[in-house]
Amino acid sequence: MSQDNLFSALRAAFPKDMSAVAVETDDGLCYSWQDLDRASAMVANLLSSLDLPLGSRVAVQVEKSVEAMLLYLATLRAGHVFLPLNTAYQSAEIAYFIGNAEPAVVVCSGANFGWVSKIAFKAGTQHVFSLNDDRTGSLLERAAQHSDQHQTAPRQADDLAAILYTSGTTGRSKGAMLTHGNLLSNARMLKDYWAWTQTGGPQGRGDVLIHALPIFHVHGLFVAIHGALINGSKMIWMAKFDPKRAIAHMQNASVFMGVPTLYVRMLAEPSLNPAAVRCMRLFIAGSAPLLIETFKLWQQRTGHTILERYGMSETAMLTSNPCSPDPRYAQQSERRGGTVGFPLPGVSLRVRGDDQQNLPVGDIGGIEVKGPNVFKGYWRMPEKTAEEFTTDGFFKTGDVGKVDERGYVTIVGRSKDLIISGGYNVYPAEIEGYINEMEAVLESAVVGVQHPDFGEVGVALVIGQPGTTVDAQAVLAELKSKLANFKIPKRCFVVAQLPRNTMGKVQKNLLREQYKNLFLA
Ligand code: MCA
Ligand code: AMP
């Protein structure tokens, strides 16, 4: 049934007036709903013309643009699997993803075409196209030769729609396989839960979303784009987040979604005041912990209470603070700072101790979840998949938290060794692996410490080989030549030893404590 294709559901929500503006870009370009429909049909026809088996992977590393979103929609329409890649990834990272996912199609920016296509062809990819953020590139040139009508490919709810790579505490990145059913159930539920409106909003014309996030992760790609499309809502499209411009757009918008860093940066703008946000209905934050200070300052400066929610690449959205006092959902209507709210309708969430027993209210343990949004498994890693699920089918999030007597979930930490920096995940094990390979280095530890802008950043502690001198700056420079820039620790120190417990394990908690004030005034 093509109705199970996520695209069909999104398309069915397009408004009757297809000439209305669906997306307005930061630099003044307008795309109507008809434009979205026709242009995504042309790209879908190009993909269909390649005669690939349904479910082929389409790996995409391009700058944010409306055309990049159209490529996502076209991939769904054509019945293939979208594999978005952070634009900061460098060749070793891209080579791993392409080698692992074996995409039939790779799309990259023209500037990277040389090295990306080399990696892709070597890995057996048949088709490599370019797509630039100024509407040029071979993808659009080729798509222009195709019809603007397309028959959406039949997909079942259980068929894959996207693969999102996410790392674990050890080993290489794993591709989280998300199905059409996972994404559609989450989108439909959030539409209701966050009370998206088609009649309220600025000038009574329904909600308008400011789209300010990158589109290679769950937050910008699914939560934001699906949220607007499935309500037939217009998006104000920012190719790159800029706090001044985001605030200016609020005169014409009603919903904003951001990682905490975006809120911190907007709070530093004098233009943020109640008048600037008078059209706004809802501010949503997630992907990283929102500090209570940010939550309170936002309330003071704007009169609005940020709604914090919690999710993962493997699950899309899991919990949310309440949006409205709708009796179907809201046990309580209060948005409580420092909590991530209630499990969303359809999501079962429990907190378990080390003995695998459910913990009583208020006790801290591992958060486990189950629901229609929970992914199908890790791409070609059945053992890893099995490890991350309990025997009764709950997914172990790796987050540590508690549920209070009113049902609010609070995340207090992570059992996985992960740093979340400005909403991007950085895995210390990966960085340590690269540092330890350096000739002058004996061993290293990377820990996350608090940072006023990014929330958390990495700090590297390095021990040199006996008889050699390690240059901390050279360590960072070498990392920079190999890894995505957001993964690079913000500071590196050469140390004589690392604190260890009796088992010989590095005590990262002591290092975090030692360096906790490094970036704080
Ligand atoms: C940029 N830099 C960073 C980060 N971003 N360093 C640490 N962490 C970061 N997140 C560094 C670059 O390495 C560079 O350093 C310098 O900052 C300037 O880079 P630039 O790209 O110009 O930075 P920016 O434009 O100011 O970007 C900051 C940002 C961006 C806007 C906060 O990081 C961002 O868009 N974050 C959102 C991520 C996101 O969407 N996460 C959702 C994941 P140098 O100059 O030294 O090279 S989805 C998810 O987690 C789930 C499932 C969920 O719940 O939503
Ligand atoms: P990702 O691997 O990008 O899917 O990141 C998922 C992780 O982000 C979760 O397991 C949490 O650790 C974290 N996360 C997402 N939303 C929140 C939030 N509101 N508060 C704290 N952590 C969050």
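Note that ligands are numbered from 1 as they come in the structure, with each ligand's atoms numbered from 1 the same way.
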Nearest atoms (heavy-atom pairs only) where Pro84 meets Ile163: CD-O, 3.5 Å

By side chain to side chain donor-acceptor pair (under 3.5 Å) - contacts of Arg380 (at least two apart): Glu102

Interfacing atoms of ligand 2 (cut-off 4.0 Å, heavy-atom, Ser313): 1 (P), 2 (O), 3 (O), 4 (O)

Backbone of Ser109 reached by a side-chain donor or acceptor of Glu63 within 3.5 Å: no

Distance-minimising heavy-atom pair for Leu131 and Val107: CB-CG1, 3.7 Å

Glu308 neighbourhood, listing ligand 2 atoms whose heavy-atom distance to it stays under 4.0 Å: 18 (C), 19 (N), 20 (N)

Subset of ligand 2 atoms that lie under 4.0 Å from at least one heavy atom of Thr166: 2 (O)

Plane angle bin for Tyr424 and His217 - parallel if under 30°, tilted between 30 and 60°, otherwise perpendicular: tilted

Ignoring hydrogens and angles, write down the donor-acceptor pairs under 3.5 Å from the side chains of residues 341-349, residues two or more places apart or on other chains.
none

Contact check: Tyr310 vs ligand 2, nitrogen or oxygen atoms, below 3.5 angstrom: no

Under 4.0 Å from ligand 1, counting heavy atoms only: the protein residues, by chain and number: Leu213, Pro214, His217, Val218, His219, Lys240, Val259, Thr261, Leu262, Arg265, Ser287, Arg309, Gly311, Met312, Ser313, Met317, Ser421, Gly422, Gly423, Tyr424, Phe454, Lys480, Asn485, Phe486, Lys490

Polar proximity ligand 2 side, Asp399 side, N/O cut 3.5 Å exclusive: yes

Check against side chain to side chain donor-acceptor pair (under 3.5 Å), Asn100 and Tyr165: CA-CA 10 Å; Asn100 188 257; Tyr165 274 85; 2.6 Å; yes

Under-4.0 Å heavy-atom contact with ligand 2, by part of Ala285 that carries it: neither

Nearest non-hydrogen protein atom, atom 21 (C) of ligand 2: Pro289 N, 3.5 Å

Non-hydrogen atom of Gly398 closer than 4.0 Å to ligand 2: no

Exercise: do His180 and Asp158 side chains pair donor with acceptor under 3.5 Å: no

Within-shell test, Asn425 vs ligand 2, heavy atom, strictly < 4.0 Å: yes

Under 4.0 Å to a heavy atom of Ser287 - the qualifying atoms of ligand 2, by number: 8 (O), 13 (C), 14 (N), 15 (C), 16 (N), 17 (C), 23 (C)

Protein contact of atom 6 (C) of ligand 2 - nearest heavy atom, named by residue and atom, plus distance: Gly311 O, 3.6 Å

Cation-pi, Tyr378 ring and Lys384 (6.0 angstrom, 45 degrees): no

Where ligand 2 meets Ile420 - atom numbers and elements under 4.0 angstrom, heavy-atom basis: 8 (O), 12 (O), 13 (C)

Sole residue of Tyr263, Phe256, Phe283 in ring pair (Phe, Tyr, Trp, His ring centres under 6.0 Å) with His304: Phe283

Separation of Arg352 CZ from Thr390 OG1 (nearest 0.5 Å): 6.0 Å

Distance-only N or O hit between ligand 2 and Arg309, under 3.5 Å: yes

Which residue and heavy atom of the protein sit nearest atom 17 (C) of ligand 2, plus the separation: Ala288 N, 3.7 Å

Tyr31 and Glu67 side chains, donor-acceptor separation under 3.5 Å: yes

Pairs flagged by salt bridge (Lys or Arg N to Asp or Glu O under 4.0 Å) wherever residues 471-491 is involved - sequence neighbours left out: Glu93-Lys487, Glu430-Lys487, Glu478-Lys482

Proximity to ligand 2 by part of Lys416, non-hydrogen separation under 4.0 Å: side chain

